[in-house]
There are 2 protein chains.
Amino acid sequence: MTPARDARAHVAILDDEPEIRRMLSDTLEEAGFRTSTFSRATEFEAALKRTAPDVCLVDLGLPDRDGLALVHRLALESGAAIIIISGRAQVQDRVTGLELGADDYIIKPFDPAEVVARIRARLRKTRSDTDRTATVAHFAGWTAHFDRYLLVSEAGEEVAFSHAEGEVLRLFLDSPKRLVSRAQMQEILGGAAGESFDRAMDVRISRLRTKLGEDPKNPRLIKTIYGAGYIFLGDVRWG
Amino acid sequence: MTPARDARAHVAILDDEPEIRRMLSDTLEEAGFRTSTFSRATEFEAALKRTAPDVCLVDLGLPDRDGLALVHRLALESGAAIIIISGRAQVQDRVTGLELGADDYIIKPFDPAEVVARIRARLRKTRSDTDRTATVAHFAGWTAHFDRYLLVSEAGEEVAFSHAEGEVLRLFLDSPKRLVSRAQMQEILGGAAGESFDRAMDVRISRLRTKLGEDPKNPRLIKTIYGAGYIFLGDVRWG
DNA sequence: GCTGCCTGTTACAATTCGTAAGGTTTACGC
DNA sequence: GCGTAAACCTTACGAATTGTAACAGGCAGC
């Protein structure tokens with residue numbers, strides 16, 4: 001149903017030094033991660049609109065943006081684990097970095113092996129509850145059976161959903177309570193770029209909302225973020 | 001009144017040095033955690049059967065048990081976040097500690113403030129992915145529901161706010177009674193630099209003020225500091 | 001062929017939010 | 001006090017974004 005996603009965890013690396021980018025990227029690829037590297041914050045942010053990495057490695061000493069402010073925004077908006085890499089070794093730096101939402105703080109110079117270990121530690125906690133093979137999900141009084149294309153309400157009502165609707169629903173259930181941009185949807189659902197795909201997406205979501213019994217004026221599960229994407233509220237439990 | 005369940009997160013401390021135990025315990029209590037301390041692994045394990053802490057701080061240099069083995073068991077059996085505290089500073093030590101299931105590794109001697117920050121970082125992710133970002137805030141007779149984009153007054157009136165307005169409101173509620181400069185807003189709200197962003201910001205704030213029912217002549221909640229920024233007055237309570 | 005279902009497309013309505021423009025307030029020098 | 005410049009507020013407007021109804025093509029099964 002979902003297109004064969006890359007099973008490897010995706011690590012985004014933001015550092016202005018090419019040496020370090022390459023070193024990190026090589027080490028991480030070797031350790032079994034998928035990586036993408038960026039030298040500038042703007043570039044990095046643009047990429048985040050298209051794809052949602054599992055971990056972000058962020059160097060604080062960026063030329064084009066205040067690193068801490070970037071971390072703060074990431075922490076609020078992205079579901080990724082955020083690991084700061086920094087030359088600033090003062091305790092106060094580490095404390096403020098962590099308070100602003102970073103999940104870890106690694107000091108330069110660092111040992112690549114430790115970076116790998118710390119990334120793994122983060123992924124264990126973040127990812128553990130996402131069973132990739134699961135076919136049943138519970139949320140907001142509904143039970144979705146992806147193998148039978150069926151939604152079952154608490155009262156026992158059954159509502160069938162289609163393949164296209166299921167793709168969207170699964171995408172939402174895979175990352176509840178975080179922003180899913182249209183670009184990400186396009187990437188994952190494999191739509192052709194362009195204006196018309198947006199309309200198709202709208203329609204898919206509209207139909208899904210109807211089946212979930214959402215009030216059009218005031219949807220409680222699938223929220224629209226104007227100019228940014230959608231966010232699925234509701235606690236999700238797979239299995 | 002029935003004793004309310006202790007809402008504070010519970011940190012279990014296992015260290016054989018009384019000095020350190022006391023120091024950690026004092027700092028953490030002061031930081032708003034509930035603590036319990038243990039000097040021996042056996043004692044600690046016995047306690048775990050009765051109560052499930054949210055975080056375990058474990059010193060590796062224990063007299064009565066191999067610390068790493070203990071960490072490994074904890075990682076498998078307990079849902080707590082595990083933070084190793086150790087005098088062993090080699091990269092290899094850290095890597096094996098993390099691989100065995102620890103969530104963080106702090107080297108002695110450490111700064112208490114960093115321990116607090118790292119514990120908080122762990123709790124953010126572990127505690128329940130759901131309230132990663134708090135979603136309800138009370139202030140000045142209002143209750144803001146960020147998940148529903150709704151302000152509810154004491155009288156029960158509901159006022160919807162948009163995403164852009166919510167961003168600003170959240171920024172204020174995150175740092176009440178402190179000056180928030182326009183530069184900070186720009187960084188955090190991710191606006192492009194330039195004159196035009198200032199005007200946009202003005203409008204956002206104006207609209208927010210209107211929804212909060214502020215008297216334009218005499219705003220009580222969002223105060224303008226001419227030439228510097230804004231300051232949000234009003235006591236904020238999250239949750 | 002026909003029928004039913006799924007899904008994209010079109011068209012139009014509704015909403016959001018930045019921008020422009022003009023008014024008001026503040027700070028500061030006189 | 002007054003004048004001026006800069007900062008700030010508000011309103012109205014319009015471009016961009018999103019929602020949804022209605023239509024049409026495609027593809028199964030019969």
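No hydrogens, no waters, no symmetry mates; every other heavy atom, side chains included, goes into these values. Chain identifiers are assigned alphabetically (A, B, ...) following the order of the sequence lines, protein sequences preceding nucleic acid strands; residue numbering begins at 1 within each chain.
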Q.
Need one value for F161(B): base, sugar-phosphate or nothing, where a base atom within 4.0 Å counts as base even if backbone is also close, heavy atoms only.
A. nothing

Q: Name the nucleic acid region contacted by Y149(B), choosing base, sugar-phosphate or nothing; use a 4.0 angstrom heavy-atom cut-off, strictly under.
A: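 Nothing, no nucleic acid heavy atom in range.
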
Which nucleotide in the list [options] gets nearest to the side chain of [X]?
{"X": "Y226(B)", "options": "dC9(D), dT26(C), dT19(C)", "answer": "dT26(C)"}
{"X": "Y230(A)", "options": "dG19(D), dT16(C), dT19(C)", "answer": "dG19(D)"}
{"X": "V203(B)", "options": "dT19(C), dT10(C), dA14(C)", "answer": "dT19(C)"}
{"X": "R199(A)", "options": "dC9(D), dT20(D), dA27(C)", "answer": "dT20(D)"}
{"X": "T224(B)", "options": "dT24(C), dC17(C), dC8(D)", "answer": "dC8(D)"}

Measure [atom1]/[X] against [atom2]/[N] and give the value in whole Å, please.
{"X": "R204(A)", "N": "dT9(C)", "atom1": "CZ", "atom2": "P", "value": "11 Å"}
{"X": "D202(A)", "N": "dA11(C)", "atom1": "CG", "atom2": "C1'", "value": "13 Å"}
{"X": "R182(A)", "N": "dT16(C)", "atom1": "CZ", "atom2": "C1'", "value": "14 Å"}
{"X": "M201(A)", "N": "dT7(C)", "atom1": "CE", "atom2": "C1'", "value": "12 Å"}
{"X": "L208(A)", "N": "dG8(C)", "atom1": "CG", "atom2": "P", "value": "13 Å"}
{"X": "K217(B)", "N": "dT24(C)", "atom1": "NZ", "atom2": "P", "value": "8 Å"}
{"X": "K49(A)", "N": "dT17(D)", "atom1": "NZ", "atom2": "C1'", "value": "14 Å"}
{"X": "M185(A)", "N": "dG8(C)", "atom1": "CE", "atom2": "P", "value": "14 Å"}

Q: Establish, with yes or no, whether the OP1 or OP2 oxygen of dT16(C) is under 4.0 angstrom from a side-chain nitrogen or oxygen of S162(B).
A: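 For dT16(C), neither OP1 nor OP2 has a side-chain N or O of S162(B) closer than 4.0 Å.
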
Q.
We want to know whether T224(B) and R209(B) form a side-chain donor-acceptor pair, criterion being a heavy-atom distance below 3.5 angstrom.
A. yes

Q | Parallel, tilted or perpendicular: rings of F146(B) and W238(B) (30°, 60°) | A | parallel

Counting N and O atoms only, with roles assigned by atom type, does the side chain of [X] sit under 3.5 Å from a partner on the main chain of [Y], one being a donor and the other an acceptor?
{"X": "R122(A)", "Y": "D103(B)", "value": "yes"}
{"X": "S78(B)", "Y": "A75(B)", "value": "no"}
{"X": "R118(B)", "Y": "Y105(B)", "value": "no"}

**Q.** Any N/O donor-acceptor pair, R207(B) side-chain to dG18(C) base, under 3.5 Å
**A.** yes

